[in-house]
Each structure stands twice: as structure tokens, then as C-alpha cells.
Visitor: 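Quick one: this structure, given as C-alpha cells, is what I'll be asking you about.
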Amino acid sequence: MKEYNFKEIEKKWKDFFASQKFVENPSKKNFYLLEMFPYPSGALHMGHMRNYTIGDTYKRFLEMNGYNVIYPMGYDAFGLPAENAAIKSGVDPRKWTFSNIEKMMSQQKQMGLSYQWDRVIITCEENYYRWNQWFFLKFLEKGLAYRKKAPINWCPSCKTVLANEQVHNGKCWRCEAEVEIKSLEQWFLKITSYAEELLNDIETLDWPERVKLQQKNWLGKSEGVRIKFPLETEGFVEVFTTRPDTLWGATFMAISCNHPVLEKIAENQKEEIENLKKIALTQSEEEKEKHGVKLSVKAINPVTGEKIPIFAANFVLMEYGTGAIMCVPAHDKRDFAFAKKYNLPVRVVINPPGENLNPEKMQEAYVEEGIIVNSGKFNGKNSKEAISEIIDFLEEKKLGRREIQWKLRDWLISRQRYWGTPIPVVYCEKCGIVPVPENELPVKLPQNVRFTGSGNPLEKCQEFVNTKCPKCSSPAKRETDTLDTFFDSSWYFLRYLDSKNENLPFDPKIANKYMPVDQYIGGIEHATMHLIYARFFTKVLRDLGLLKTGEPFKKLLCQGMVIKDGAKMSKSKGNVVSVDDILENYGADAGRLFILFASPPERDLEWSDEGIKGCVRFLNRFWQLVQFAFSDEKGEKLPQKEKDLLKLNLSRTIKKVKDDLKNFQFNTAIAAIQELLNFVQKLKNLYSNFEELKETSKILVQLLHPFAPFITMELAQSFEIPLNKFPEYDEKIIKSSQKEVVIQVNGKLRGKIFANESESKDDLLKKALEKEKIKKFITGEIVKTVYIPGKILNIVVKY
RNA sequence: GGGGGAGUGUCGGAACUGGUAUACGAAGCGGACUUAAAAUCCGCUGCCCGAAAGGGAUUGAGGGUUCGAAUCCCUCCUCCCCCA
């Protein structure tokens with residue numbers, strides 16, 4: 001008998017799996033299955049392996065159930081690591097990236113992933129990023145892209161811009177110099193104009209609740225009111241608040257140190273305010289202490305008529321709301337702390353139910369809802385319920401108006417980096433900002449640049465920077481910023497569908513046929529950024545007439561992390577398991593099987609070397625059994641009872657595996673197959689090569705195929721087992737089978753009786769009472785019996 | 001600080017809609033094969049009492065609803081993730 005040699009088998013079939021093409025059978029339904037494409041950082045890690053194993057298993061299952069499945073793969077190839085490698089070791093980012101892609105692709109092929117490789121896209125290739133530029137121009141035309149000043153992290157020693165994650169405790173990650181905040185003109189996309197729609201459409205998505213919630217929080221819609229506070233001199237300052245129920249308790253006001261009103265009312269305090277600005281810039285939100293400069297001019301609380309002090313404060317942002325807030329120390333934590341520090345009055349306007357707060361004795365702000373006091377005609381009302389009434393009152397008196405605020409900011413897409421999509425605009429002294437005409441795309445990334453680690457290499461590349469104005473042909477300069485790589489990943493799923501199109505990013509007819517993506521699989525870390533940007537992009541493309549759908553991903557599965565020794569795998573912890581080692585030592589089938597078996601997909605997966613050995617053992621037993629079934633070995637006849645039981649178990653297992661796979665419950669599906677194998681093996685030990693063993697093995701091979709494609713493919717070829725259809729089960733056999741009914745006395749297990757589901761309660765009770773083991777617990781009068789057919793009979797006895 | 005998720009044997013994890021808690025796998029123990037080991041195969045294996053038959057307690061802690069709770073409700077504890 002042939003031994004199971006995974007190396008030989010996997011080598012034999014990997015190219016076959018990698019050469020699969022999408023064949024559209026019009027009588028079958030289409031299904032678009034998508035996995036998040038990787039950043040080509042070097043080699044696959046276990047998180048990738050988990051993501052793709054889930055996808056490929058599901059894809060094979062769908063195909064066996066009669067779907068045409070679109071299953072593409074690509075590489076998110078622009079980004080910082082390539083550029084950092086160039087700075088560090090002088091390698092060309094392009095070469096670095098492509099050699100990583102080659103490595104990762106070969107690993108993916110070794111895993112047996114059956115991607116349609118003819119669709120592959122690599123975002124750093126011209127035929128991809130030119131369409132980024134094309135989209136940028138469309139955004140510009142539609143008024144959805146604009147320039148404005150925005151703060152960036154600047155390392156004065158490396159002379160470069162840093163991403164947030166490259167700033168560690170206010171210092172540059174590479175040279176540890178203090179990071180400065182600089183203000184630069186940068187490009188933004190107006191994602192905020194889609195905020196309302198992005199929020200409303202969340203309801204239509206079949207996504208995990210926690211991701212939907214994270215998106216809602218990220219968008220951060222708050223309904224409130226804009227209130228005018230007159231100044232004692234002249235003019236007014238507007239504040240935005242979601243808590244107008246506390247307006248009567250506003251005893252001071254805080255405004256941003258960049259607030260324009262300061263020009264008028266704080267001329268004599270300029271120096272103090274400048275000092276405050278410095279604190280605001282250098283400290284991160286977390287460690288920032290609340291500082292304020294008391295202004296000489298006071299404001300008037302519009303409902304109490306009281307004069308209240310104004311502070312320029314470092315914790316009020318000009319970007320959010322109106323750049324000014326009303327402060328209610330009694331009912332807001334931050335205001336309370338500030339009031340204590342500067343010795344400001346605290347006035348209670350909301351009492352907890354059944355209690356009267358004493359402002360002098362309060363240790364902390366009372367932020368909950370309660371009963372309104374000290375607020376004129378609203379006294380005695382519930383604070384939360386009264387909010388809307390109070391806003392009506394303010395609108396009526398022309399003191400304020402209803403307003404909606406969002407936490408969502410416009411999307412900053414400028415990166416002062418080389419390795420990204422050049423933003424296709426030109427700066428001309430005469431014409432200003434001029435978009436590069438469509439027919440001149442792509443604006444190519446120059447190849448001969450130097451990476452010094454200081455500044456953006458594009459700025460120093462003269463043949464790139466110097467150009468002619470497309471409008472007036474006078475000398476002009478190119479934009480040297482490149483696009484955020486989230487731009488690339490916001491539409492890649494559309495390019496897959498028509499990856500070779502030379503005239504358009506994709507043909508709308510083709511996209512409309514397959515969009516939206518039916519199932520998207522990826523990590524939870526993308527719950528906000530990528531998944532919001534892609535949704536936004538899709539809506540814009542819909543409004544450009546390129547797409548019918550406004551939502552890209554119908555269903556989403558977020559897989560958990562792969563951990564080892566209780567911690568996330570990372571180089572610094574030294575607990576990284578290499579994908580190459582797994583494939584080399586245990587094989588792709590065993591690796592896939594273990595990943596799916598060890599934990600349900602959405603939960604974290606604890607890696608275990610012992611665990612994967614268990615999967616190797618299972619595959620070995622599986623191989624041996626099927627080989628034996630198709631050998632010349634003779635067997636005995638199965639007794640009728642065993643025959644029936646085998647039939648029942650087959651149907652039950654097929655049903656369970658099918659149902660579980662539909663719900664991504666791979667772990668229990670595999671357990672069911674193992675259970676079946678254990679059962680069949682016991683029959684084999686007793687009856688050797690019994691007649692039904694061949695048919696049973698065939699079903700086992702078919703059931704296991706989506707999980708372990710190599711071993712099953714090899715067996716299928718040897719013994720002519722079709723793998724194009726998922727096996728079928730007989731519902732009748734499952735329904736009519738006898739079930740073990742549990743007999744309880746007062747809720748405690750006292751015995752078991754086999755019975756049909758049609759068995760009557762009285763008959764079963766009679767049978768139960770005949771049993772000595774059960775009878776002895778009936779020590780009093782039977783008050784009640786509860787019978788769930790096929791499950792339990794509970795006899796309730798009174799003592 | 002805000003939001004979310006999770007606590008079940010020695011470990012990873014099962015348990016349908018409230019209905020046999022611990023499926024499946026790992027580890028452990030015993031046996032077979034072997035000169036020996038590994039591999040493989042067979043059997044046992046959550047805890048307490050008991051020689052056994054059997055019985056009792058048990059799903060982070062405490063309480064409640066119910067004939068019946070890992071599952072539903074309340075209070076509390078611990079861990080993880082995301083956002084700030």
C-alpha cells in the first residue's frame with residue numbers, strides 16, 4: 001500500500017490549483033469571494049495564512065455546491081516599508097517590492113490556494129496607479145478633492161514627515177528627535193459630505209455587529225444645538241453643545257487659542273496665548289494638562305443673563321464644532337477639573353433622582369440624566385427628555401439653532417513620500433493649480449531618485465518636478481505629494497473584475513454584473529479606516545455613474561488574531577511561527593486543517609505545535625483507510641444494525657459539515673469528519689474491507705476536499721472519485737432515527753431510553769417507571785411531567 | 001475615559017431555539033509492536049467519595065427566573081481588543 005507522502009503530493013498538485021480560471025456557467029449563480037490583499041512586506045505570516053485558508057476552503061465548498069466563484073488575489077504594493085528599506089540598505093523599492101511579491105505568491109501557491117491568478121493586480125504598477133490618478137481627477141472635478149492647511153508630524157533631524165505610528169512618545173522612531181507639528185498645505189477628500197449616507201447604510205450590511213458599531217462611533221454623529229453667547233463688548237461667540245439641558249449651569253466658556261475672535265478681544269494678551277499654543281502643539285491629547293488664559297472680556301450666558309469669564313484653552317480644538325464650548329462644571333468632568341483649578345463657580349442644574357446635589361461638596365461632576373433645577377420653566381423635568389424642548393425654546397427666542405456635528409474629518413490623502421501614486425496636478429505661477437489632463441496619464445514615478453532619509457526624494461528629482469503647465473505651457477512644478485495607500489485599496493476589488501482594461505479602471509457593465517462582493521474576509525484591524533474609505537469610494541463611483549451599488553461588501557467576516565503563548569505573534573516577543581516551516585514540516589493540508597480546527601474563525605487562534613501534529617496523524621489515518629478501502633483486501637458482510645447505523649451517521653455527518661461550512665464553523669465540521677472516520681475505522685477493525693467501505697471512503701474524500709485539497713485530490717485521482725459535487729444526505733433517515741431520550745427526576749439525569757420522536761408521553765413514562773434505576777428515585781407523588789420528544793422526559797416528584 | 005468581546009477539564013475548544021456539560025483534538029497514563037527509541041495501533045483519562053456498583057458537587061463569584069440554566073435577568077471580579 002502506498003504511503004502518504006505530503007511533499008510529493010503537494011508538489012504534484014500546487015500548479016494545477018494555481019492555474020484555475022474563472023469559468024462562468026450561465027446556469028449557475030455567481031459569487032464574488034474576496035480576501036483582503038496583503039502588503040508585500042517580505043513573507044506571509046500566520047495571519048495571512050489564516051485569512052486565505054478560510055477563504056479557499058469556503059471557495060471550494062461554494063464550487064461543490066454549484067456556484068461560479070470569483071476568487072482573486074493581488075498586492076497592496078505601495079507604502080512606507082519599501083521606502084524605509086531603500087533608505088536603510090539602498091535597495092530599489094520596486095525591486096524590493098517585487099521580490100517580496102514573488103516570495104509571497106509562491107507561498108500562496110504552496111498553500112493550495114485556488115486564486116484566479118490571471119486577475120492579479122499589483123498597485124505599484126502603472127496600469128493600476130494611473131487609474132488612481134484618473135479617480136483623483138474625477139474627485140477634483142466633482143469638488144470632492146481640495147487643498148487646505150493641516151498639521152503634520154515633522155522630524156527636524158530626518159527632515160521628513162512621519163506617520164502617526166512612527167511617532168513614539170513624541171519622538172521620531174528612527175532618530176529619537178523631538179517631533180514637531182508643522183502646518184502644511186495638503187490634499188483632502190470630502191468624505192464628510194457622505195457622512196449621513198455612510199451612517200444610514202450601515203443598517204443594510206450583513207457585517208459583525210461590533211464592526212458596524214465601530215463605524216458608527218467613528219462617524220460620530222451628534223445632534224445638538226449651536227448657541228450664541230453675546231460678548232459684553234460687542235459681537236458674540238457661538239458654541240456647539242449636545243447638552244443644552246445644562247445651559248443654565250454654564251458658568252464660563254472656553255475657546256480655542258486659534259479662534260478668530262481673539263484678534264478682536266485679546267490683543268493685549270497675545271503673548272500669553274502664543275505660549276499656550278506651544279503647549280497645545282507639543283503635547284499629545286492624552287498627557288495634555290488643561291491650561292487656560294483668562295481673557296479680559298466676558299461673555300453673557302444667554303438664558304441667565306449672567307456675565308461669565310472666557311478662557312482661551314489648550315483643550316478646545318478649532319477643527320471641531322465652532323472652536324468654542326460652554327462649560328458646565330457641575331455636569332461635565334473636564335469642565336469640573338478646570339473649574340477646580342481656576343476656582344470657578346459650580347452651579348447644579350440637574351439633580352440625581354431623589355437627591356439634592358450641593359455644589360460645594362461635589363467631588364466629581366454629575367454627568368447622568370436627572371431632574372432639572374435652577375433652569376426657569378424647565379425645572380422639574382427629566383433632563384434627557386427636555387433636550388428637544390429646550391432646543392425648540394432656543395430656536396424660538398433666536399438664541400440658537402439645531403445642528404448636527406460629526407466626529408468624522410475629511411480624509412487627508414497627501415503623503416510627503418516617494419513610494420506611492422503621484423498626485424496628478426501641476427502648479428503654475430500664472431494658472432495656479434492645474435490638473436494633469438486625462439490623456440497625459442499616468443504621471444509616472446521617476447526611477448532614478450536618491451534615498452537619503454531626508455525629505456521627499458521626489459522634491460529633489462528635477463526631471464520630475466520641472467514640467468510645463470498643461471494650460472499655458474509656461475514652466476511649472478509638479479505636485480510632489482503622493483496618495484495615501486488607502487486610496488489604492490478603496491477600489492481594488494473593482495479592478496479585479498476587469499484587470500486588463502486599458503481604457504477605463506473597469507467596465508461598468510462587468511462591475512455591475514458581479515458587484516457587490518458577496519463575502520469579504522479580513523482582519524478586524526481594518527474595521528474603520530479601510531472599510532470606511534472603500535464604502536465612501538463606492539458611493540462616489542456610483543454618483544459618477546460607474547456603479548449601481550453604493551455598498552462594496554455585502555457580507556463581512558473578521559477573523560481573529562493568531563497568537564502563541566498567549567500573546568500576538570511578533571518579532572520582538574520572539575514567538576513567530578514561520579509559514580515556510582509549517583509548509584515544509586507538516587504540509588499545506590495539515591497546516592490548513594489545524595488553522596481551521598483549532599478555533600472558530602472570528603476568535604483568536606492559539607498556535608500549537610502539538611495540535612498540528614494531531615492533524616498530520618488524522619491525515620495519515622485518513623489516507624490509510626481510503627487506500628485500504630480500494631485495495632483487494634476482502635471483507636465481511638456488515639450486520640443489518642451496523643449497516644443502518646453507518647447510513648445514519650453518513651447522513652448526519654454530511655448535513656452537519658454542510659451546515660457548519662455555510663456558517664463558517666470549520667472547527668466543528670472537521671470534528672464531525674474525524675468522528676465519522678473514527679466510527680468507520682472501528683467497523684473496519686471488526687469487518688475488514690466490508691462492502692460499503694468504498695462508498696463511505698468516497699464520501700469522506702469529498703467531505704474533506706475543501707479543507708485539505710491536496711490529499712483529497714490525489715486520492716480522487718487514484719480511485720476516480722468526483723470532487724465537483726458536495727455529497728448529499730437523506731433527511732428522512734435523520735428524522736426517523738431513534739433518539740436517546742433522557743429521563744430526569746426533578747431535573748436530574750436518572751436514565752436513558754431509546755425512542756422514536758412519535759413515542760407518546762404516557763408510553764414513555766410507563767417504560768421509564770418500569771426501570772428499577774429510575775423507580776427508586778420516585779419517592780413521592782408525581783406532580784408533573786415535562787416531555788420534549790426526542791430529548792427529555794422530566795418527572796417532577798413532591799416529597 | 002468611552003465602546004465591544006470573552007471567562008467551560010491540564011491545554012485548544014464542543015454544547016441546536018433553555019433540554020444528556022466537557023464532542024473533536026492535544027497532553028497524560030497503561031498495553032501491543034520493537035534489541036531499544038520514534039512512529040503506528042488498542043484501551044483509559046475533568047473533580048470529590050467509593051474496591052466496585054453507584055452517588056455527589058461542578059461552566060469566573062454571588063443571587064434570581066424556570067420542571068430544567070454554560071445559555072435568560074441582576075450584582076460583582078478577571079482578561080483581551082478597538083477608539084480616545
Side-chain angles (χ1 to χ4, degrees), chain A residues 3-4 164 208-220 284-288 315 317 320 332-334 337 364-365 367 407 523-529 558 560-568 590 593-600 602-618 620-621 624 652-653 655-656 659-660 663 665-679 681-682 684-685 739-753 772-773 776-777 782-798:
Chain A
E3 285 294 306
Y4 171 50
N164 282 336
E209 281 308 314
R210 59 179 174 146
V211 177
K212 293 210 241 178
L213 202 84
Q214 269 187 52
Q215 293 222 339
K216 277 184 205 162
N217 292 339
W218 183 266
L219 295 167
S284 71
E285 285 304 314
E286 232 166 304
E287 62 212 27
K288 201 185 278 179
F315 59 87
L317 298 175
Y320 185 74
D332 180 281
K333 276 186 188 166
R334 203 163 53 176
E364 55 176 6
V367 298
K407 225 176 84 192
I524 182 82
E525 64 274 19
H526 294 109
T528 46
M529 315 259 262
C558 289
M561 295 185 296
V562 182
I563 57 178
K564 187 159 183 252
D565 311 320
K568 194 175 173 171
L593 209 56
F594 177 72
I595 279 179
L596 297 172
F597 178 64
S599 178
E602 66 280 2
R603 270 216 246 170
D604 286 350
L605 181 145
E606 172 80 35
W607 185 262
S608 148
D609 289 329
E610 304 310 322
I612 193 169
K613 282 180 195 156
C615 290
V616 174
R617 261 199 291 270
F618 164 73
N620 254 311
R621 286 200 293 138
Q624 296 301 333
R652 274 188 182 158
T653 307
K655 181 174 160 58
K656 173 136 184 77
D659 290 350
D660 283 353
N663 299 316
Q665 286 162 343
F666 305 102
N667 54 336
T668 48
I670 293 169
I673 298 174
Q674 293 182 335
E675 232 169 315
L676 181 64
L677 182 74
N678 292 345
F679 172 77
Q681 207 153 34
K682 283 210 172 105
K684 183 206 127 185
N685 290 345
K739 303 265 161 41
E740 212 175 6
V741 177
V742 169
I743 312 297
Q744 299 181 330
V745 177
N746 286 349
K748 280 202 172 158
L749 174 74
R750 297 301 179 193
K752 294 169 190 176
I753 296 175
E772 200 46 47
K773 279 182 188 170
K776 74 177 185 190
F777 289 99
I782 297 176
V783 223
K784 185 177 178 179
T785 49
V786 182
Y787 178 46
I788 311 289
K791 288 203 171 130
I792 63 136
L793 173 70
N794 189 8
I795 306 166
V796 186
V797 174
K798 199 174 148 192

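Reminder, nothing fancy here: chain letters follow the sequence lines and each chain counts from 1.
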Visitor: By nearest nucleotide on RNA chain B, pick out whichever of A:Ser599 and A:Gly611 is the more 5' one.
Guide: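 Upstream on the strand: A:Ser599.
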Visitor: With the 90 degree cut-off around zero defining syn, does B:G9 come out syn or anti?
Guide: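 Syn, angle within 90° of zero.
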Visitor: Just how far, in rounded Å, is P of B:C11 from CZ of A:Phe597?
Guide: 17 Å
Visitor: Need one value for A:Glu740: base, sugar-phosphate or nothing, where a base atom within 4.0 Å counts as base even if backbone is also close, heavy atoms only.
Guide: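 Base, at least one base heavy atom under 4.0 Å.
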Visitor: Write down the distance between CG (A:Asn678) and C1' (B:A26), rounded to a whole number of angstrom.
Guide: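 About 14 Å, once rounded to whole Å.
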Visitor: Contact class for A:Lys752 (heavy atom, under 4.0 Å): base, sugar-phosphate, or nothing?
Guide: base
Visitor: Determine the interatomic distance between C1' on B:G54 and the same-named atom on B:U40; round to the nearest Å.
Guide: 37 Å
Visitor: Please report, rounded to the nearest Å, how far the P atom of B:C16 is from the NZ atom of A:Lys656.
Guide: 9 Å
Visitor: How close do A:Asn746 and A:Val796 get, heavy atom to heavy atom, and via which atoms?
Guide: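 Closest pair (atom of A:Asn746, atom of A:Val796, distance): OD1-CA, 3.3 Å.
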Visitor: Considering non-hydrogen atoms only, spot the tightest contact between A:Thr668 and A:Asp660 and give its length.
Guide: OG1-OD2, 2.8 Å
Visitor: Give one of base, sugar-phosphate or nothing for A:Asn620, where a contact means two heavy atoms less than 4.0 Å apart.
Guide: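 It contacts nothing in the nucleic acid.
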Visitor: What contact category does A:Asn794 fall into here, base, sugar-phosphate, or nothing, at under 4.0 angstrom with non-hydrogen atoms?
Guide: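 Here A:Asn794 touches the bases of the nucleic acid.
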Visitor: Do any side-chain nitrogens or oxygens of A:Asn217 fall under 4.0 Å of OP1 or OP2 in B:A84?
Guide: no
Visitor: Ignoring backbone atoms, establish whether A:Asn667 has a side-chain N or O less than 4.0 Å from OP1 or OP2 of B:A14.
Guide: yes
Visitor: Look through every strand shown and name the nucleotide pairing with B:C29 as Watson-Crick or G-U wobble, where both distances are under 3.5 Å.
Guide: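 When the pairing criteria are applied, B:G43 turns out to be the nucleotide that pairs with B:C29.
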Visitor: Any side-chain N or O of A:Arg210 below 4.0 angstrom from OP1/OP2 of B:C83?
Guide: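 So the side chain of A:Arg210 is outside the cut-off, no N or O lying under 4.0 Å from OP1 or OP2 of B:C83.
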Visitor: So if I apply the side-chain contact (heavy atoms from CB on, under 4.5 Å) rule between A:Phe666 and each of A:Leu596, A:Ile595, A:Leu593, which one comes out positive?
Guide: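 Of the listed residues A:Leu596, A:Ile595, A:Leu593, the side-chain contact (heavy atoms from CB on, under 4.5 Å) partner of A:Phe666 is A:Leu596.
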Visitor: Distance check, C1' atoms only: B:U8 and B:U71, in whole angstrom units.
Guide: 12 Å
Visitor: Applying the Watson-Crick and G-U wobble criteria at under 3.5 Å, what pairs with B:U35? Answer none if nothing qualifies.
Guide: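 For B:U35, the partner nucleotide comes out as none, under the 3.5 Å rule.
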Visitor: Please report the distance separating the P of B:C44 from the corresponding atom of B:G50, rounded so that it comes out in whole Å.
Guide: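 Rounded to whole Å, the distance is 24 Å.
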Visitor: Both A:Gln214 and A:Gly614 contact RNA chain B. Taking the nearest nucleotide for each, which residue is further toward the 5' end?
Guide: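 Looking at RNA chain B, the more 5' nearest nucleotide goes with A:Gly614.
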Visitor: Once you apply a heavy-atom cut-off of 4.0 Å, does A:Ser608 come out as touching a base, just sugar-phosphate, or nothing?
Guide: nothing
Visitor: Calculate the interatomic distance between A:Ile788 atom CD1 and B:U20 atom C1'; express it in whole Å.
Guide: 14 Å
Visitor: Checking contacts here: which listed nucleotide (B:C67, B:G3, B:U40) is nearest the side-chain heavy atoms of A:Lys784?
Guide: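 Ranking B:C67, B:G3, B:U40 by closest atom to the A:Lys784 side chain puts B:C67 first.
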Visitor: Counting side-chain heavy atoms from C-beta on, which of B:G68, B:G56, B:C41 comes nearest to A:Arg621?
Guide: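 Of all the options, the side chain of A:Arg621 is nearest to B:C41.
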Visitor: Rounded to whole angstrom units, what separation is found between the CG atom of A:Asp604 and the P atom of B:C82?
Guide: 10 Å
Visitor: Taking B:C83 as the reference, what is the distance to B:C16 when you measure between their C1' atoms (whole Å, please)?
Guide: 36 Å
Visitor: Say we look at B:U59 and B:U20: how far apart would their C1' atoms be, to the nearest angstrom?
Guide: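 B:U59 and B:U20 have their C1' atoms separated by 15 Å.
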Visitor: Determine whether A:Glu209 and A:Lys212 make a side-chain contact, defined as any pair of heavy atoms from C-beta on separated by less than 4.5 Å.
Guide: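 They are in contact (side-chain heavy atoms under 4.5 Å apart), so the answer is yes.
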Visitor: Could you work out which one of B:C67, B:C83, B:G13 sits closest to the side chain of A:Val796?
Guide: B:C67
Visitor: Over all strands shown, is A:Lys655 touching base, sugar-phosphate only, or nothing at heavy-atom distances under 4.0 angstrom?
Guide: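 Nothing, no heavy atom under 4.0 Å.
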Visitor: State whether the side chain of A:Asn667 and the backbone N or O of A:Ala598 hold a donor-acceptor pair below 3.5 Å, judged by distance alone.
Guide: no
Visitor: When you compare the side chain of A:Leu676 with that of A:Arg652, does any pair of heavy atoms fall below 4.5 Å?
Guide: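 No; the side chains remain at least 4.5 Å from each other.
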Visitor: Do A:Ile673 and A:Phe618 have side chains that get closer than 4.5 Å, going by heavy atoms?
Guide: yes
Visitor: Compare side-chain N and O positions of A:Lys748 against OP1 and OP2 of B:A57 and report whether any pair is under 4.0 Å apart.
Guide: yes
Visitor: Paired with B:A57: which nucleotide, if any, by Watson-Crick or G-U wobble criteria at under 3.5 Å for both distances?
Guide: none
Visitor: Could you tell me which nucleotide pairs with B:G7 by Watson-Crick or G-U wobble geometry, both distances under 3.5 Å, or answer none if nothing does?
Guide: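 B:C77 - that is the nucleotide pairing with B:G7, both distances being under 3.5 Å.
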Visitor: Taking the same atom, P, in B:G60 and in B:C67, what whole-Å distance lies between them?
Guide: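 That atom pair is separated by 25 Å.
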Visitor: Counting side-chain heavy atoms from C-beta on, which of B:A23, B:G4, B:C83 comes nearest to A:Glu675?
Guide: B:A23
Visitor: Specify the separation, in whole Å, of atom CE of A:Met561 and atom P of B:G4.
Guide: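 Spelled out: CE on A:Met561 to P on B:G4 is 19 Å.
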Visitor: Nearest whole angstrom, please: distance from the C1' of B:G3 to the CH2 of A:Trp218.
Guide: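 Distance, rounded to whole Å: 14 Å.
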Visitor: Measure across A:Val745 and A:Phe777 and return the closest heavy-atom pair with its distance rounded to 0.1 Å.
Guide: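 Looking at all heavy atoms of both residues, the closest pair is CG1-O, 3.9 Å.
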Visitor: When rounded to the nearest Å, what value does the distance between C1' atoms of B:C47 and B:G43 take?
Guide: 22 Å
Visitor: Can you tell me the Watson-Crick or wobble partner of B:G50, both distances under 3.5 angstrom?
Guide: none
Visitor: Where the side chain of A:Leu749 is concerned, which of B:G12, B:A15, B:A21 is the nearest nucleotide?
Guide: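 Minimum distance to the A:Leu749 side chain belongs to B:A21.
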Visitor: Tell me what A:Leu213 touches on the nucleic acid: a base, only sugar-phosphate, or nothing, going by heavy atoms under 4.0 Å.
Guide: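 Touches sugar-phosphate only.
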Visitor: Can you tell me, in whole Å, how much space there is between the C1' of B:U58 and that of B:A15?
Guide: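 Rounded to whole Å, the distance is 16 Å.
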Visitor: Using purine N1 to pyrimidine N3 plus N6-O4 or O6-N4 for Watson-Crick, or N1-O2 and O6-N3 for G-U wobble, each under 3.5 Å, what pairs with B:G12?
Guide: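 The base-pairing partner of B:G12, which may sit in any strand shown, is B:C24.
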Visitor: For a quick test of reading the model, state the closest non-hydrogen atom pair linking A:Leu793 to A:Thr785 and the distance between them.
Guide: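 Looking at all heavy atoms of both residues, the shortest contact is CD1-CB, 4.5 Å.
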Visitor: From CG of A:Leu676 over to P of B:A23, roughly how many Å is that when rounded to an integer?
Guide: 18 Å
Visitor: Respond yes when some side-chain nitrogen or oxygen of A:Arg603 is under 4.0 Å from OP1 or OP2 of B:G5, and no when none is.
Guide: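 Indeed not, no polar side-chain atom of A:Arg603 lies that close.
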